[in-house]
Number of protein chains: 2
Amino acid sequence: MADKDNAPMVASLQPSETGDQPPTGFGSPLQELRYLILAVQREGNRWLSEMLRAADLTPAQAEVISILADREPLTLSGLGKLLICETGSPSRLVNSLVQKGFVAQDNHQTDRRAKLFYLTPNGKATLALIHKTEEEIDGFLSALLSDQEIKYTRSSLYKLLGGTAIEQAMLRRFGYIQND
Amino acid sequence: MADKDNAPMVASLQPSETGDQPPTGFGSPLQELRYLILAVQREGNRWLSEMLRAADLTPAQAEVISILADREPLTLSGLGKLLICETGSPSRLVNSLVQKGFVAQDNHQTDRRAKLFYLTPNGKATLALIHKTEEEIDGFLSALLSDQEIKYTRSSLYKLLGGTAIEQAMLRRFGYIQND
DNA sequence: ACAACATCCATGACATGTCATATATTATCA
DNA sequence: TGATAATATATGACATGTCATGGATGTTGT
């Protein structure tokens, strides 16, 4: 995992390939915060990817299965409103799950544009691994942060989302908005 | 930006397409934290994309230009160690900048495998917009969070990165590691 | 009923994170 | 020195976030 930064560099490269002069104009604390958010997100995604590989699932696919488990059946647009990505219509994502046999679809009763997606038994079977994976990750996290830090960080991040569209998905997912 | 959630739903869909029953098994606060980090990252990236579009740059490309501005010349691997993405070798990313005329390359003096990348005058000219964009975003952020919240959140996020490889890039970028 | 608009979905394009692999070069060590 | 390992880079594959487009269907207002 960790690279070999501790190994002594053989002094052959001039200039050094990482520009090891102290950077001239440091980022502001805010810039650092932005990159921290990026870094934590990437790292977490890699953890998740690795753990979900056993189920042949990506993090995005696992998110869909989790959502469906709670609220199936859902249309594509209903699902899209719950996905944090809010990626318009998640056709490709859901189709990958249909192809893998985790999700199936029915026609909508009254709207011929829409389809309703739900978990197959196979899809439901993956829930165990998904939940186990999430618990494992949450175990890591709670070992690293105190309850108060978690609470405080959640609060700060919510403030950063204030007034944005993506906030709506968070609220729908986590219960602050019960209905549409 | 915001969608039409406030418009009354015409009661024709049965079941509702966003599964508007209260979700059964709420996520834990930790799950919510994970999705918050994802959501904030996505939203920030969209802001950045939008603002950088005027310069025909993506956020990733702008990050490369910023890094080069501080530490050019850099090899690909040196750059990779500073990028938060730590995406192995960022060939594609840098090549997109070479094609756009923002970055040029020289041969490395002693290592024939390596190339040294640096900003062209054109690349340096984009720095103004990039910095203005970052200041604008940081202005948003500091309007939303107090100094103490920023500090506290930074601290918590650093803890989440503890011991991971990606942390090394953060440290190199933000000065806690001066050398390789 | 008709027109205008909104919504649902599919699809293609682009960038890029991630991983695996291949090649060239360099470093290390017996 | 010669073999082995490490490193630098390029490239292809895959998934997916993001945006734009287009066709089908629904809704609304007249």
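Computation of the quantities below employed the complete heavy-atom set of this structure, encompassing side-chain atoms and omitting hydrogens, waters and symmetry-equivalent molecules. In what follows, every chain begins at residue 1, and chains take the letters A, B, ... in the order their sequences are listed.
Looking at the side chain of A:Gln61, the nearest of the listed nucleotides D:dA15, D:dA6, C:dT16 is D:dA15. Distance from the side chain of B:Ser91 is smallest for D:dT11 among the nucleotides D:dG17, C:dA10, D:dT11. Comparing D:dC19, C:dC19, C:dT25 by their nearest atom to the side chain of A:Arg53 picks out C:dC19. Listed nucleotides: C:dC9, C:dC14, D:dC14. Nearest to the side chain of A:Thr75: C:dC9. Side-chain atoms of B:Arg113 lie closest to D:dA8 of the nucleotides C:dA6, C:dT16, D:dA8.
For the OP1/OP2 pair of D:dG17 and a distance below 4.0 Å, the side-chain nitrogens and oxygens of B:Arg42 include at least one atom meeting the criterion. Contact check, A:Ser49 against C:dT18: no side-chain N or O comes under 4.0 Å of OP1 or OP2. In terms of phosphate contacts, B:Arg112 brings no side-chain nitrogen or oxygen within less than 4.0 Å of OP1 or OP2 of D:dA8. Between B:Arg92 and D:dA10, a side-chain N or O to OP1/OP2 separation shorter than 4.0 Å is absent.
Looking at B:Lys115, its side chain never comes within 3.5 Å of a backbone N or O of B:Leu74 through a donor-acceptor pair. No side-chain donor-acceptor contact under 3.5 Å links A:Thr75 to the backbone of A:Ala114. With hydrogens and angles ignored, the 3.5 Å screen pairs no side-chain donor or acceptor of A:Glu149 with any backbone N or O of B:Ser156. At distances below 3.5 Å, at least one donor-acceptor pair connects side-chain atoms of A:Gln61 with backbone N or O atoms of A:Thr58. B:Ser49 places a side-chain N or O within donor-acceptor distance of the main-chain N or O of B:Asn45, the cut-off being under 3.5 Å.
A residue-by-residue look at A:Ala114 and B:Lys100 shows that A:Ala114 has its nearest nucleotide of DNA chain C further toward the 5' end.
At whole-Å resolution of the value, CG in A:Asn107 and P in C:dC8 are 16 Å apart. For the pair A:Leu38 CG and D:dG17 P, the computed distance is 15 Å after rounding to whole Å. Across the protein-nucleic acid pair, B:Leu83 atom CG and D:dA8 atom P stand 15 Å apart, rounded to whole Å. Separating the NZ atom of B:Lys115 from the C1' atom of D:dT7 is a distance of 16 Å, rounded to the nearest angstrom.
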